[in-house]
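Below: the structure, in C-alpha cells.
The sequence lines fix the lettering, A, B, ..., with proteins before strands; numbering per chain opens at 1. Fair warning: this is a prediction, and the values are worked out from it, not measured in the lab. Hydrogens, waters and symmetry mates play no part in the numbers below; they use all other heavy atoms, side chains included.
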Amino acid sequence: MDESDPEASRQAAELAAGAEECLPEGGLAEKLRTARREGRPLRVKLGIDPTAPDIHLGHVVVLDKLRAFQDAGHVVVLIVGDYTARVGDPSGRSSTRPVLSGKEIDANAHTFQEQAYRVLDPDPAKVEVRRNGEWLDMRVDDLFALARTTTVAQLLERDDFAKRFGAREPISVLELLYPLLQGYDSVAVRADVELGGTDQKFNLLLGRDVQRAYGLPEQVALTMPILPGTDGVQRMSKSLGNYVGVTEPPDEIYGKTLSVPDDAMAAWYRLLLRTGPDPELGPRDAKRALARALVARFHGADAATAAEERFDRIHVEREAPEEIEEATFAGDDGAVHLPGVLEEAFGLSRSEGRRLIAQGGVRLDGEAVTDADVPADRLDGAVLQVGKRRFRRLRRAS
RNA sequence: GGGGGGAUGUCCGAGUGGUUAAAGGAGACGCGCUGUAAACGCGUUGGCACUGCCUACGCAGGUUCGAAUCCUGCUCCCCCCA
C-alpha cells in the first residue's frame, strides 16, 4: 500500500476507532487518499427504515460515527428506504406489516431526520437526504440486470438466511432481494463508505459486489457494535420495547438508564460515552453518572441534575414529586368509586384498578387504600398514586 | 397438480367433548427487600360498581344437556413431492 500519505492513515484510524470492523483492511485509508487526490469529501451512507421513525440510543451509536465523518469534512448520505417500505415486510409470519402510504413515509422520514439532526450536523453541505424510490422504481430489465449480479448461494451465506433455510423456515424471494436493493442504493449514491450495525455486515459487503458489477469503486463497510437494550440482553429496538428514545423526557431517560442491568453498563459507557466508568465509583454511582450524562446530552446539564433530584425524591425518599399533573373526578358529596377515578386519571381498566387496590398498589396522600369506595371529601386535593411512579393530584370536577 | 400440517389470551406455547377465563414460560404490573425503574422473593395479569354477569381459543354455520376440543364451508399460513 501507498504509505506516502501518513495523514490519511492517521485519519482512517481515528474514524475507525470504536468500530467493530472496517473492511477491507486498509480500505478506509485508501478511500481517504483517493478523495484527497480528487479534491472531494467522502460520501458516507446510512440507510434508514421509515417504518420505525423514532431514534433511540442504539441508532445514536451509528449516528455518532457519522458525525465524526462530518466533523472530518465528509458528507453523510441518509437514505430513506421509502421504496422498500412500500413493498412491505415480506417476512410477516403472523401478521403482515401494513404497507405505509406515501404520506406516512413522508411524515416518518421527516421525524427521523429531525431526530437524527440532534446528533448529526444539519449543515446542508454535510448531509444529503435521499429516497431510494428515486432509483428503485426501475424497469424490469434493470431489475433483471441487478438480480444477475448475485447468486442464491451467495445470498444464503447470510447467517440468518442460512439458519432459516436450515430450519426449513420460510424465506421469501423478496427478502432475498433486499440485500441487492440495498446494494443498489450504494450504486445510486456512489457511496464510498457505508455504516451499519454488525448485523448489517453481510449487506454492506454485498453492496461492494453490486458496485463492482456496475463498474464502480467498492465501498468500505464499517460496522458498529450493537447496543444492548434496557434489558441488558437483547439489542436495543423499538419493537422489543427495551429502548431509550432521544426525544424522551429527562425523567424517562434517567430512570430507564438506571434500570439497565449492571452487566450491560460497560457496553453503554463504551458505545455512548466512549469512555469507561470512573473506577473510583461503585456500580450504583457509576450508573447514576451514566444516566446524568445521557440526560445532559439530549436535554442539557440542568435537566440532568433535575431529573436525578426527582428520581431520588420518588424512589429513594419515596415522596411525591413537586409537580404533579392534575386529574379531575366527578362526584357528589357521597362516596366515590375509586376504580372509575383510576380509569379516568391513568387509563386503567376498572378491573385492573380493583386488583391494584387489593394488592395495596394504590395510595392516597401516601397511604395505601384498602377500600374501593372513598368519601369525596378525602379525594379533593389529595395525591393519588399508583405503584411507585404514577401520580395525579385530584380535583373535583366542577 | 398431488399429499401432509397448522391458526389458542400481549407474545411463545399446552390442551383433542364436561370444575377450562383456558397448563407452562416470557413480558408487563403490584407488594416486599434494596444500591435503582438492578438482582432476588411473593403475588397479579379479558371486561363489567364483581359473592354474580358478559365476552373469549382464525371466520361462518351445525351436532350435543354441554365444544377450544366433533362435523361442514370459508379465509390465511407452513412443509413435502412434482
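Comparing the P positions of B/A56 and B/G46 gives an interatomic distance of 16 Å, to the nearest angstrom. Of the P atoms belonging to B/C29 and B/A37, the separation is 12 Å, rounded to the nearest Å. Taking atom P in both B/G17 and B/A68, the straight-line distance is 13 Å, to the nearest Å. When the P atom is used for both B/C57 and B/G52, the distance is 23 Å, rounded to whole Å. Straight-line distance between the P atoms of B/U69 and B/A21: roughly 15 Å, to the nearest whole Å. With both ends at atom P, the span from B/G3 to B/C11 equals 34 Å, rounded to whole Å.
When the nucleotides B/U36, B/G47, B/G32 are ranked by their closest atom to the side chain of A/Ser351, B/G47 comes out on top. Nearest to the side chain of A/Gln359, among B/G43, B/A49, B/A37, sits B/G43. With B/C48, B/G35, B/A37 as the choices, the nucleotide that has an atom nearest any side-chain atom of A/Arg350 turns out to be B/C48. Side chain of A/Phe311, nearest nucleotide from B/U36, B/G47, B/G30: B/U36. Comparing atom distances between the A/Arg390 side chain and each of B/U36, B/U44, B/G30 picks out B/G30 as nearest. You'll find that the side chain of A/Lys287 is closest to B/U36, out of B/G35, B/C29, B/U36. The side chain of A/His315 has B/U36 as its nearest neighbour among B/A49, B/U36, B/G47. Out of B/A37, B/C48, B/G43, the shortest distance to the side chain of A/Lys256 is found at B/A37.
For A/Asp262 and B/G35, a side-chain-to-base donor-acceptor distance below 3.5 Å is present, hydrogens and geometry of angles not being considered.
Between the NZ atom of A/Lys388 and the C1' atom of B/G30 there is a distance of 8 Å, given to the nearest Å. Rounded to whole Å, the distance from CG on A/Asp251 to C1' on B/U36 is 14 Å. For the pair A/Gln234 CD and B/C12 P, the interatomic distance rounds to 14 Å; values are reported in whole Å. Regarding A/Lys238, its NZ atom lies at a distance of 19 Å from the C1' atom of B/G27, rounded to whole Å. Rounded to an integer number of Å, the gap from A/Glu308 CD to B/G35 P is 17 Å.
One side chain, A/Gln219 or A/Glu194, offers a donor N or O that lies under 3.5 Å from an acceptor on the other.
Screening A/Leu272, A/Ile253, A/Val60, A/Leu57 for a side-chain contact (heavy atoms from CB on, under 4.5 Å) involving A/Arg297 leaves a single residue, A/Val60. The only option from A/Leu290, A/Asn242, A/Thr230 that meets the side-chain contact (heavy atoms from CB on, under 4.5 Å) definition with A/Val260 turns out to be A/Thr230.
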**Request:** For RNA chain B, produce a single dot-bracket line, 5' to 3'. Pairs: Watson-Crick or G-U wobble, both distances under 3.5 Å. Symbols: ( ) within strand, [ ] crossing, | other strand, . unpaired.
**Result:** ((((((((.[[[..)..(.....]]]((((((.......))))))(((...)))...[[[[[..)....]]]]]))))))).
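With salt bridges taken as basic N to acidic carboxylate O contacts below 4.0 Å, one links A/Glu7 and A/Arg10. We find that A/Glu20 and A/Lys201 are not joined by a salt bridge, their nearest charged nitrogen and carboxylate oxygen being 4.0 Å or further apart. A salt bridge links A/Glu128 to A/Arg130: one of the charged nitrogens lies within less than 4.0 Å of a carboxylate oxygen.
Applying the 4.0 Å criterion to OP1 and OP2 of B/C48, one finds that A/Ser349 has a side-chain N or O inside that range. One finds no side-chain N or O of A/Arg389 lying less than 4.0 angstrom from the OP1 or OP2 phosphate oxygen of B/A37.
Here B/U51 is in the syn range [glycosidic angle within 90° of 0].
Along RNA chain B, the nucleotide nearest to A/Arg363 and the one nearest to A/Glu252 differ in position, and the one closer to the 5' end is contacted by A/Arg363. The residue among A/Glu352 and A/Ile314 whose nearest nucleotide of RNA chain B is located toward the 5' end is A/Ile314.
In this structure, the side chains of A/Tyr214 and A/Tyr184 come closer than 4.5 Å at one or more pairs of heavy atoms.
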